[in-house]
Amino acid sequence: MYFPIEKSFFHMPVLELARNLVGQMIVHELPEGVIAARIVETEAYHGPEDRAAHSYGNRRTKRTEIMFGEAGLVYTYQMHTHTLMNVVSGPVGTPHAVLIRAAEPVEGFELIRDRRGEHLKMTDWTNGPGKLSKALGVTMAYYGHHWGDEPLFIAEGPGASEVVSGPRVGIGNSGEAVHYPWRFYENNNSFVSKYRP
DNA sequence: GGTGAGATTATCT
DNA sequence: GATAATCTCACCT
């Protein structure tokens with residue numbers, strides 16, 4: 001049984017939050033059962049000053065609107081045919097966010113397998129942001145939800161053995177921002193997504 | 001095990 | 001009409 005983490009947990013600087021989310025649990029309670037996974041990889045997006053962020057230069061559109069809200073809200077975003085999950089960070093009016101990129105399944109293996117496919121290796125279930133949201137059943141319907149509320153929430157997890165940082169993935173031509181070491185992941189964990197230069 | 005191209009759709013200019 | 005915080009599959013080593 002899992003319980004949502006204190007909402008005050010989200011009130012810390014975005015880089016710190018990104019690092020501290022590694023090792024926590026992400027839980028989705030569905031009518032069919034509970035899916036739980038331990039977060040092993042995140043990325044921080046530093047709103048106004050980060051060329052790779054959707055909210056760069058305080059760009060405020062219908063899509064980025066939620067990032068200007070309270071820390072702990074859910075920012076879901078459609079990329080091609082996939083949904084990506086973020087945790088809003090920073091005080092109200094400051095559009096920071098943490099992208100949840102990968103997690104290690106802990107509970108609900110059969111539900112995940114049903115969604116992702118019988119033939120896949122277990123490590124291919126959740127080792128990327130699009131795959132993770134599909135495995136957990138997270139959709140755009142959660143845009144604006146809070147990560148401290150059921151049925152989709154962050155719970156206190158067992159932590160991570162060793163958290164390391166490196167450059168972020170898939171942000172192409174974002175100038176200097178490409179090199180910022182704002183990706184955090186558990187060292188030597190096979191559920192961490194592959195880095196593609 | 002690794003690299004490279006194409007898919008495919010909401011969102012913004 | 002261009003773009004994208006990705007995924008999958010084919011082909012190479």
Side-chain angles (χ1 to χ4, degrees), chain A residues 14-15 17-19 21-22 26 37 39-69 71-90 94-105 112-145 147 154 164-185 188-197:
Chain A
V14 64
L15 292 179
L17 183 63
R19 178 178 285 269
L21 277 170
V22 177
I26 176 169
I39 298 171
V40 297
E41 180 182 3
T42 64
E43 279 179 7
Y45 286 84
H46 206 276
E49 306 91 46
D50 183 358
R51 278 197 59 182
H54 294 150
S55 52
Y56 175 60
N58 279 316
R59 225 156 67 98
R60 191 165 189 157
T61 65
K62 191 180 172 190
R63 183 177 64 169
T64 62
E65 181 65 32
I66 201 68
M67 286 197 274
F68 290 85
L73 292 175
V74 177
Y75 171 43
T76 46
Y77 159 66
Q78 294 271 152
M79 172 57 176
H80 289 66
T81 55
H82 309 282
T83 304
L84 278 61
M85 289 181 275
N86 296 254
V87 181
V88 172
S89 173
T94 307
H96 294 173
V98 177
L99 170 66
I100 301 175
R101 288 192 58 85
E104 173 179 341
I112 296 176
R113 195 193 313 137
D114 288 349
R115 285 203 169 71
R116 293 285 301 135
E118 189 76 32
H119 59 289
L120 282 180
K121 284 181 307 183
M122 216 176 119
T123 47
D124 285 329
W125 285 354
T126 53
N127 64 343
K131 302 178 194 177
L132 179 62
S133 38
K134 186 168 186 196
L136 296 187
V138 174
T139 65
M140 286 300 290
Y142 282 103
Y143 183 93
H145 177 78
W147 283 110
I154 303 287
V164 293
S165 60
R168 291 173 293 178
V169 178
I171 53 177
N173 55 338
S174 300
E176 275 304 298
V178 168
H179 308 297
Y180 300 163
W182 290 351
R183 173 177 180 236
F184 300 93
Y185 55 97
N188 295 319
N189 186 300
S190 52
F191 290 90
V192 172
S193 68
K194 299 298 173 213
Y195 180 70
R196 301 267 197 134

Seminar exercise, completed: In whole angstroms, the gap separating P of dT6(C) from CG of D124(A) amounts to 16 Å
Exercise. Of all residues at least two apart in sequence or in a different chain, which pass the side-chain hydrogen bond (donor to acceptor under 3.5 Å, both in side chains) check with N86(A)?
Worked result: none
For this session: In whole angstrom, give the distance that lies between atom CD1 of I100(A) and atom P of dT6(C).
Result: 15 Å
Seminar exercise, completed: Residues R183(A) and Y185(A): closest non-hydrogen pair is NH1-CE2, 3.9 Å
Problem set entry | Distance, nearest 0.5 Å, that separates CG of L84(A) from CD1 of I100(A) | 10.5 Å
For this session: Please list, chain by chain and in numerical order, all residues satisfying side-chain hydrogen bond (donor to acceptor under 3.5 Å, both in side chains) with H54(A), sequence neighbours excluded.
Result: Y75(A)
Exercise. Nearest-Å distance, CD (E41(A)) to P (dT6(C))?
Worked result: 10 Å
For this session: Whole angstrom is fine here: how far is it from NE2 in H46(A) over to P in dA5(C)?
Result: 18 Å
For this session: Look at all strands and tell whether R116(A) reaches a base, only sugar-phosphate, or nothing, counting heavy atoms closer than 4.0 Å.
Result: sugar-phosphate
Exercise. How would you label the contact of K194(A) with the nucleic acid (heavy atoms, under 4.0 Å): base, sugar-phosphate, or nothing?
Worked result: nothing
Exercise. Hey, does the side chain of K131(A) come within less than 4.0 Å of dT8(C)'s phosphate (OP1/OP2), counting only N and O?
Worked result: yes
Seminar exercise, completed: Closest heavy-atom pair, I66(A) versus G144(A), reported as atoms and distance to 0.1 Å, is CD1-CA, 3.6 Å
For this session: Check every strand shown and say whether L99(A) touches a base, only sugar-phosphate, or nothing at a heavy-atom separation below 4.0 Å.
Result: base
Exercise. How long is the line joining NE2 of H96(A) and C1' of dA5(C), in whole Å?
Worked result: 16 Å
Seminar exercise, completed: Sorted by chain and number, sequence neighbours left out, ring pair (Phe, Tyr, Trp, His ring centres under 6.0 Å) with F68(A) holds for none
Taking only N/O atoms, report every protein-nucleotides 3-6 of chain B pair under 3.5 Å with atom names and distance.
from	atom 1	to	atom 2	distance (Å)
dG4(B)	N7	R196(A)	NH1	3.2
dG4(B)	O6	R196(A)	NH2	3.3

Problem set entry | Interatomic distance, N127(A) atom CG to R101(A) atom CZ [nearest 0.5 angstrom] | 10.0 Å
Problem set entry | Under 3.5 Å: donor-acceptor pair, side chain of R116(A), backbone of D124(A) | yes
For this session: List in chain and number order the residues that pass salt bridge (Lys or Arg N to Asp or Glu O under 4.0 Å) with R63(A), two or more places apart in sequence or in another chain; answer none if no residue qualifies.
Result: none
Exercise. Within the side chain of Q78(A), is there an N or O that forms a donor-acceptor pair under 3.5 Å with the backbone of M140(A)?
Worked result: no
For this session: Could you walk me through whether E65(A) and R60(A) pass side chain to side chain contact (heavy atoms under 4.5 Å, CB included), step by step?
Result: CA-CA 6 Å; E65(A) 181 65 32; R60(A) 191 165 189 157; 2.9 Å; yes
Exercise. Hey, is the main chain of A18(A) close enough, under 3.5 Å, to the side chain of T42(A) for a donor-acceptor pair?
Worked result: yes
Exercise. Could you give all pairs that pass the side chain to side chain donor-acceptor pair (under 3.5 Å) test and reach residues 133-142 of chain A, with sequence neighbours left out?
Worked result: H28(A)-Y142(A)
For this session: Using atom OH of Y75(A) as one end and atom P of dA5(C) as the other, report the distance to the nearest whole Å.
Result: 9 Å
Problem set entry | d(CG, N127(A); C1', dC7(C)) in whole Å | 10 Å
For this session: Using a cut-off of strictly less than 4.0 Å between a heavy atom of the residue and any atom of DNA chain B, enumerate the qualifying residues of residues 60-69 of chain A by number.
Result: T61(A), K62(A), R63(A)
Exercise. For DNA chain C, what residues of residues 48-58 of chain A have any heavy atom nearer than 4.0 Å?
Worked result: A52(A), H54(A)
For this session: Would you indicate what R101(A) reaches in the nucleic acid, counting non-hydrogen atoms under 4.0 angstrom: base, sugar-phosphate, or nothing?
Result: sugar-phosphate
Report all interatomic pairs (protein N or O, nucleotide N or O of nucleotides 7-10 of chain B) with separations under 3.5 Å.
none

Exercise. Taking only residues two or more places apart in sequence, or in another chain, which ones meet W182(A) in a ring pair (Phe, Tyr, Trp, His ring centres under 6.0 Å)?
Worked result: H46(A), Y180(A)
For this session: Give me the one residue out of I39(A), V88(A), L21(A) that meets side chain to side chain contact (heavy atoms under 4.5 Å, CB included) with V98(A).
Result: L21(A)
Exercise. With sequence neighbours left out, what residues match R51(A) under salt bridge (Lys or Arg N to Asp or Glu O under 4.0 Å)?
Worked result: none
Exercise. Distance-only, no hydrogens or angles: does the T64(A) side chain make a donor-acceptor pair with backbone N or O of R59(A) under 3.5 Å?
Worked result: yes
Exercise. Taking only Watson-Crick and G-U wobble pairs with both distances under 3.5 Å, what dot-bracket line describes DNA chain C, where [ ] shows pairs that cross earlier ones and | shows pairs with another strand?
Worked result: ||||.|||||||.
